[in-house]
Amino acid sequence: MTANARLAGAVLGHLTGLGVRQFVVCAGARNAPLVSSLLAAGDSRNDRIYPHFDERSAAFFAMGLAKRSSQAVAVLTTSGTAAAELLPAAIEAYYSGIPLVLVTADRPIAFRGSGAPQAIEQTGLFGPYAEMSLDISSPSDLVAVSQWDRTAPLHLNICLAEPSPEDRNGDWGTIKLPLPVRKIPEAEELVTFCGTADRLLVLLGELPERWRGPVERFLVALGVPVWAEATSGLRESEALAPHLVRSESLVATLRPDRILRLGGVPSLRFWRDLEVLSDLPVFSLSPRPFPGLARKTPFLVSDEFPEFGELTQEGWVEDQTLLHDTRLELALTNHPFSEVAILRELSRQIPSDALVFLGNSLPIREWNLAATLSVPHPVCYASRGANGIDGQIATFLGLSEGVTESWGIFGDLTALYDLNAPALMGAMAPGRRRIVILNNGGGRIFSRLPAMAGLSKTEKMVTENRHARGFGAWAAMWGLDYVQWIAGEPAADPFPAIVGESVVLEICLDDNLSEAFWEERK
Ligand SMILES: Cc1ncc(C[n+]2csc(CCOP(=O)(O)OP(=O)(O)O)c2C)c(N)n1
């Protein structure tokens, strides 16, 4: 066996030991020994291999697979800029705590700094975004991978000699690796924080599935108002219903005196405002080690939601109607073809048991604001680690693998960013996938941001990258069914029926109608 084949076999054996069963493969000459050894194992193993040509998109897809399955998933690239393309997904995976394994092929260490073809500086390429970054020149360098605790990306940079045809048969089995130790924090500090509040308010960001039941029980007992984002999975919880604040604009008007944040960093405006509301104490409990605010606030990190015992508070909201936003309902009725009202309608059409992915940036905000409460969508995802609009369709596809029905909702620029992602579907298991594009002709989020008010027409054109493109030809290019819905007066067609396996639904929006909605909400 060649040295390359031996090294490739050892790498694959260790990946198996880490629980990797899904490989997203971006082939090149340099990583040929790894790719060939992986393929040579063929059907004798139960692995899934997804080939793709765009490393950036492949990494987002791998991240989606890993996020949904909570298992480590590897993306394999050749050397050079191919490796660098993994960075955006690594950043999102780092902030979201997703076990993504970045396997980059490299030339031998002696080539470093030489400027030889495809020999870039790959060691530490992902900086702080890889929890562990290892240069692997021989099988013994792999010993350290057992220390990886799977809470952020692992980077294995494999230094290979010039590939040869004999590199194909890197035999590999499973290298037994110990499971990492998980930490459970002391929760006393948090109990005191809650106990000394008169008007405690809870904000729920993204919750891992294993947290949802315990968090729901904890909050029902606590009895204080709760703002639950869609990715918490508890936005439509029946048990929590009496405590849920129904519009983010009401959160501040409740005048809480302490804020407890559970799970991921919340997306709502109020969270950002907390940065300057320095008199308002904030406490965070999250599986990821980020306070989410630049000002100093206490936080606990825990893989599991801790047991708090009996922690009850007097409900302090005197009038339950304060939790409901009648102005929102009125604005939705008055502006049925505004983007927000369309999103409400869309949420009614998506079956409760479907997986939902909410793209950045208006789709997730508008869903949190206005999605129906009568059809719950507990399986709801977004990429809020770094909030990028890149790789969103690929991430959605990764999440949708093995799921019967999935709906991803994206802005038009977000979709334009990821046009090659449907190529991944060729290697995926069947499933009903609906790619919904809310086409408002550009990055209209920028018209909604107070900080961007007063931009000139030219500034808006540039900032929002306004355009008049449609997605019909794109759907046809990938063999996807295409449904277009022009949502605007006076053509008040009903919401179209969506049938078929893989469908692109393009909803064409008139921004003047959306503008009128926001005017009324001011
Ligand atoms: C990779 C990346 N580039 C730029 C941004 C900044 N950004 C945030 S929202 C946005 C516009 C999104 O436009 P679109 O997808 O049409 O959605 P909408 O404006 O309707 O939310 C941009 C460019 C980002 N978040 N991520």
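As the structure lists them, so they are numbered: ligands from 1, and atoms in each ligand from 1.
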Salt bridge Glu206-Lys67, side-chain N to carboxylate O under 4.0 Å:
yes

Give me the ring orientation class for Phe357 and Phe396: parallel if the planes are under 30° apart, tilted from 30 to 60°, perpendicular past 60°.
tilted

When the ring planes of Trp367 and His377 are compared, do they come out parallel, tilted or perpendicular, using 30° and 60° as the limits?
perpendicular

Results of salt bridge (Lys or Arg N to Asp or Glu O under 4.0 Å) for Glu121 - residues two or more places apart only
none

Tell me every residue that passes salt bridge (Lys or Arg N to Asp or Glu O under 4.0 Å) with Arg112, counting only those two or more places apart in sequence or in another chain.
Asp106, Asp135

Please list all pairs passing the salt bridge (charged side-chain N to carboxylate O under 4.0 Å, His left out) test where one or both residues lie in residues 379-398, with sequence neighbours left out.
none

Given a heavy-atom cut-off of 4.0 Å, could you list the residues near ligand 1 in chain and number order?
Ser361, Leu362, Pro363, Asn387, Gly388, Ile389, Asp390, Gly411, Asp412, Leu413, Thr414, Tyr417, Asn440, Gly442, Gly443, Arg444, Ile445, Phe446

